Student: 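Sharing a structure below in structure tokens format, with a few things to ask.
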Amino acid sequence: MTSTERSIAAAEAHSAHNYHPLPVVVAYAEGAWMTDVEGRRYLDMLAGYSALNFGHGNRRLINAAKAQLDRVTLTSRAFHHDRFAEFCTELAALCGKEMVLPMNTGAEAVETAVKTARKWGYRVKGVPDGQAKIVVAGNNFHGRTTTIISFSTDEEARADFGPYTPGFEIVPYGDLAAMEEAVDDNTVAVLLEPIQGEAGVLVPPAGYLPGVRRLTAERGVLFIADEIQSGLGRTGRTFACDHEDVVPDVYVLGKALGGGVVPVSAVVANRDVLGVYRPGEHGSTFGGNPLACAVALEVVAMLNSGEFQQRATELGEHLHQELNLLVGGGAVEAVRGRGLWAGVDIAPSHGTGRQISERLMERRVLVKDTHGSTIRIAPPLVISKEDLDWGLDQLRAVLGS
Ligand SMILES: *Cc1c(COP(=O)(O)O)cnc(C)c1O
């Protein structure tokens with residue numbers, strides 16, 4: 001048995017099988033490259049689903065974390081700590097908002113947004129108690145908690161986890177008329193991914209997000225943008241909503257906010273929304289801890305330079321140009337996305353997304369399939385153009401294009 005096989009067998013014996021990882025065991029990573037336990041190097045074209053936008057072992061982020069490790073790592077919110085105010089101020093400024101509610105994982109931040117919208121609905125909008133409704137989109141992915149999977153349309157994510165949380169209505173993504181129909185007097189929020197990541201990097205039709213913005217503003221409904229995967233530079237702008245000059249009421253952030261170092265998530269909004277909370281009504285032991293704040297502060301500083309958005313724009317243009325050349329050649333049916341983010345639909349005759357991912361792995365490129373025949377390409381924004389081109393060469397070789 002190789003050390004890879006031993007490691008995988010042990011993982012299969014002693015961990016729940018809620019994932020189906022590619023058979024690679026990573027031991028080391030730097031920038032856009034990962035090295036496995038047997039010394040093979042792989043180009044990371046997934047970047048932890050955008051949690052690693054700034055690459056593996058980014059020196060600025062690692063140094064920020066190391067400096068904080070030597071000072072103080074956790075206080076709980078029972079006390080103030082000296083990185084908290086700075087983090088909240090800087091993140092709010094990045095978002096053009098007034099307040100931040102920090103959590104840890106993306107799902108917790110989505111839960112927080114749902115709770116915030118409901119509380120806002122009862123306390124500010126005047127919705128009758130217990131009647132708040134939140135409109136969401138089909139094929140959404142917002143996380144894995146029982147409430148969040150209650151409004152998923154993915155049977156795999158939902159089955160056998162009921163009973164489900166009520167209070168959500170699902171409408172087709174990209175369909176403004178359906179959204180308009182669903183919004184009623186008890187609707188407190190519309191919750192959307194501005195680009196649907198897990199669904200296959202689906203970009204909504206032009207005008208959809210501005211339409212949702214107009215509708216929600218007119219009807220006194222909060223527009224919550226789940227930018228956990230789409231935000232923080234991935235699409236070439238700080239937020240995917242920026243591409244259509246849309247400013248939601250509430251940003252939900254996660255993944256890249258923790259710099260690939262620690263889980264950091266947040267809900268960001270103005271005082272008229274996040275001001276609804278009183279002490280004791282919501283919280284998290286680890287939310288906004290000093291280590292998380294120190295790393296996320298560095299993430300915000302890096303985003304403030306605009307340099308990563310610029311890279312994602314330039315390299316993204318190149319990526320999409322190259323991928324679009326494959327469309328119509330037989331192997332690739334469609335390519336979607338924005339910036340350094342693409343969903344590539346493989347013709348079923350050329351294999352499933354999983355098979356393509358495995359073949360790419362043999363050529364030392366790591367990607368992840370989603371929903372059958374789609375692979376998702378989302379390398380760290382620090383990837384070099386040469387490495388990106390090399391990765392594309394491997395994709396062309398695997399597809400025989
Ligand atoms: C990953 C993701 C989440 C959930 O984040 P976790 O940190 O895995 O809980 C929520 N929304 C979107 C859009 C995501 O991509």
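Counting starts at 1 for both ligands and their atoms, in listed order. Note that the structure is a prediction, hence the values are computed from the model and not measured. Both backbone and side-chain heavy atoms feed into the values below; hydrogens, waters and symmetry mates do not.
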Student: Could you find the nearest protein heavy atom to atom 11 (N) of ligand 1 and give me its residue, atom name and distance?
Tutor: D226 OD2, 2.7 Å
Student: Within the structure, does K255 bring an N/O atom to less than 3.5 angstrom of an N/O atom in ligand 1?
Tutor: yes
Student: May I ask you to check whether T89 and E86 show a side-chain donor-acceptor distance below 3.5 Å?
Tutor: no
Student: Return the residue, atom name and 0.1 Å-rounded distance of the protein heavy atom closest to atom 9 (O) of ligand 1.
Tutor: A107 N, 2.8 Å
Student: To the nearest 0.1 Å, how far is atom 7 (O) of ligand 1 from its closest protein heavy atom, and which atom is that?
Tutor: G106 N, 2.8 Å
Student: Would you call D249-R213 a salt bridge at under 4.0 Å N-O?
Tutor: yes
Student: Just which atoms of ligand 1 are under 4.0 Å from any heavy atom in E193?
Tutor: 13 (C)
Student: Does any N or O of ligand 1 fall below 3.5 Å from an N or O anywhere on E198, backbone included?
Tutor: no
Student: Angle class for the W390/W33 ring planes (parallel below 30°, perpendicular above 60°, tilted otherwise)?
Tutor: tilted
Student: Mark up the atoms of ligand 1 that fall under 4.0 Å of a heavy atom belonging to H142, in ascending order.
Tutor: 10 (C), 11 (N)
Student: Inspect the contact between R359 and E362 and indicate whether a charged nitrogen and a carboxylate oxygen are less than 4.0 angstrom apart.
Tutor: no
Student: Using a 4.0 Å heavy-atom cut-off, which part of F141 comes near ligand 1: side chain, backbone, both, or neither?
Tutor: both
Student: Taking both backbone and side-chain atoms of G143, is any N or O found less than 3.5 Å from an N or O belonging to ligand 1?
Tutor: no
Student: Under a 4.0 Å N-O cut-off, is there an ion pair linking K66 with D70?
Tutor: no
Student: Does R364 count as lying over the ring of Y42, i.e. NZ or CZ under 6.0 Å from the six-ring centre, within 45 degrees of the axis?
Tutor: yes
Student: What verdict does the ring pair (Phe, Tyr, Trp, His ring centres under 6.0 Å) test give for Y164 and F151, after you've listed the backbone C-alpha separation in whole Å, the side-chain angles of each residue and the deciding distance to 0.1 Å?
Tutor: CA-CA 8 Å; Y164 303 108; F151 56 85; over 10 Å; no
